[in-house]
Protein chains: 2
Amino acid sequence: MLQTTTEMMEGEGPTARQQDVLDAVLRLLVEEGDRLTMTAVARRASCSKETLYKWFGDRDGLLTATVQWQASKVRVPPVDRKGLNLASLTSSLERFASDWLRVISSDTSIALNRVGVVHAGSDKRDLGAIVLERGRFALGRRLKPVLEAGREAGLLEFDDAETAFRTFFGLVARDVQIRLLLGDRLELTEAGIDGDAVRATQQFLALHGAKTGPKAL
Amino acid sequence: MLQTTTEMMEGEGPTARQQDVLDAVLRLLVEEGDRLTMTAVARRASCSKETLYKWFGDRDGLLTATVQWQASKVRVPPVDRKGLNLASLTSSLERFASDWLRVISSDTSIALNRVGVVHAGSDKRDLGAIVLERGRFALGRRLKPVLEAGREAGLLEFDDAETAFRTFFGLVARDVQIRLLLGDRLELTEAGIDGDAVRATQQFLALHGAKTGPKAL
DNA sequence: ATGAGACCGTACCGTACGTTACGGTTCGGC
DNA sequence: GCCGAACCGTAACGTACGGTACGGTCTCAT
């Protein structure tokens, strides 16, 4: 593996053609799980195996690039910390919760998490770390400022934002992710997701909502 | 696969020798993940591959038997519903929470869940279903009577025991299981586990504890 | 137009591993 | 002591798949 870095390393993202290939991998990953073969990828993406190896180095490189490509596709809508009140905080939390439930119940996310779990069990721990980083930890980084703004505004009470976030995470995800990963047929309807988001938010507010009312009051 | 049922089917459990083999598989699974080979199993268990195939049919059969063997080892301590009060309910819940955290953070559980996730991603969905059944659902079956007894005694309030259980599950497990499955180094100390169990129980009681005091009061 | 790359399709190679086959050894029943 | 069953250790087989090599085609700059 002493080749001159096989392209696709740090720096600019994949070219349009490479993106097409990665999307093909993504689709194949959903259909076949991690037992997809390089030959199948080449056929699906209408490219040669030689090109795959040239662009991505090896099978792991291809999977890694795919995970990162997918992760790069989810855009982060910034949260406005202006004019925060209980209503806007509540709807922000509900939004986070429903978005998150939609993500973890998507075929793509399930497939990617499966790949991450598989790789975490082997020496190649990278993929698992990437999935974790772009999933659970990215969510934490996005949500914690909201929680802290809520505390700032006197709407929430907690000692540690990380701990508070994990509570919220637990209330939202519950057993959904592990059940889906283990193959449970658990179809979440739109209405069900929204309802769960509302419930989780209410529970979180019941645990961490300020009893004293907003600070400014 | 039209052999006369390869032994190890329904009915009596594995023989002592077979249990030794399954324990060897378990250890190997923890060390090697699901990429363990039949040769490695035979070597570790000091038995021949021929015997493995005779007893367990094929690789999947061996893994399935292993998962079931491990599942059969966790015994269920019955919960006494007599003399239930807030203190005993609280300590029951704390016990469940800490037991559960200890289970899901054990090397064995992580390895087994990984195998389940892998198989759930392929056509062979059985192993995932078994892990789910012996894990998450078994816990639900054990805990729900406790919750219902608590409600009966006027200590808890909830509409649906399943929903209440899932809330408890979320508060206890939070992000622990997915992080461990994805390879996060997350060492849980004894004290940490017990603390989390207490916290989760308190949070659960804050959400579902009866506001009106015990019924008998 | 032509030569250089980039890339496609396919054939090929090496290996790892699931599965089977076989010779040798142990052991319980007669 | 002897027979057969169960089992061990190892060798062998077949295949699937990661990775490489190569001939053919297209594009594009000169």
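So you know, we letter chains A, B, ... as the sequences are listed, proteins then strands, and number each from 1. Computed over heavy atoms, backbone and side chain alike; hydrogens, waters and symmetry mates excluded. Predicted, not measured: the structure shown is a model, and the values here were computed from it.
- Considering only heavy atoms from C-beta on, B:R102 stays 4.5 Å or farther from B:L188 through its side chain.
- When each of D:dG19, C:dC8, C:dG18 is scored by its nearest atom to the side-chain atoms of A:R59, the top-ranked nucleotide is D:dG19.
- We find that A:E31 and A:R44 are joined by a salt bridge, their nearest charged nitrogen and carboxylate oxygen being less than 4.0 Å apart.
- Remark on DNA chain D: of its neighbouring residues A:T39 and B:T51, the 5'-side contact belongs to B:T51, judged by nearest-heavy-atom nucleotide.
- Distances shown here put every side-chain N or O of B:R35 at or beyond 4.0 Å from the OP1 or OP2 atom of C:dG18.
- Residue A:L52 is out of contact with every strand shown, counting any heavy-atom pair closer than 4.0 Å.
- Side-chain proximity of A:M38 to the nucleotides C:dC22, C:dG9, D:dG18 is greatest for D:dG18.
- Rounded to whole angstrom, the span from the CZ atom of A:F56 across to the P atom of C:dC7 amounts to 11 Å.
- Nearest to the side chain of A:T37, among D:dG18, C:dG23, D:dG19, sits D:dG18.
- Counting heavy atoms of neighbouring residues, nucleotides and ligands inside a 6.0 Å radius, atom CG of A:D160 exceeds 12 of them.
- Note: CG (A:D34) to P (D:dC17) measures 12 Å, nearest angstrom.
- A:R43 has no side-chain polar atom (N or O) that falls below the 4.0 Å cut-off from OP1 or OP2 of D:dC17.
- A:Y53 places its OH atom 16 Å from the C1' atom of C:dC8, with the value rounded to the nearest Å.
- Heavy atoms of A:L62 sit nowhere under 4.0 angstrom from any nucleic acid atom.
- Between B:W55 and D:dA6, a side-chain N or O to OP1/OP2 separation shorter than 4.0 Å is absent.
- For B:E50 and D:dC7, a side-chain-to-base donor-acceptor distance below 3.5 Å is absent, hydrogens and geometry of angles not being considered.
- Nearest-nucleotide positions on DNA chain D for A:S48 and B:K49 put B:K49 closer to the 5' end.
- The shortest side-chain heavy-atom distance between A:L26 and A:L112 falls under the 4.5 Å cut-off.
- Counting to the nearest Å, the P atom of C:dT19 and the NZ atom of B:K54 are 18 Å from each other.
- A:R199 has its side chain out of reach of A:Q202: every pair of non-hydrogen atoms, C-beta onward, lies at least 4.5 Å apart.
- Protein atom CZ of B:R44 is 16 Å distant from nucleotide atom P of D:dC8, rounded to whole Å.
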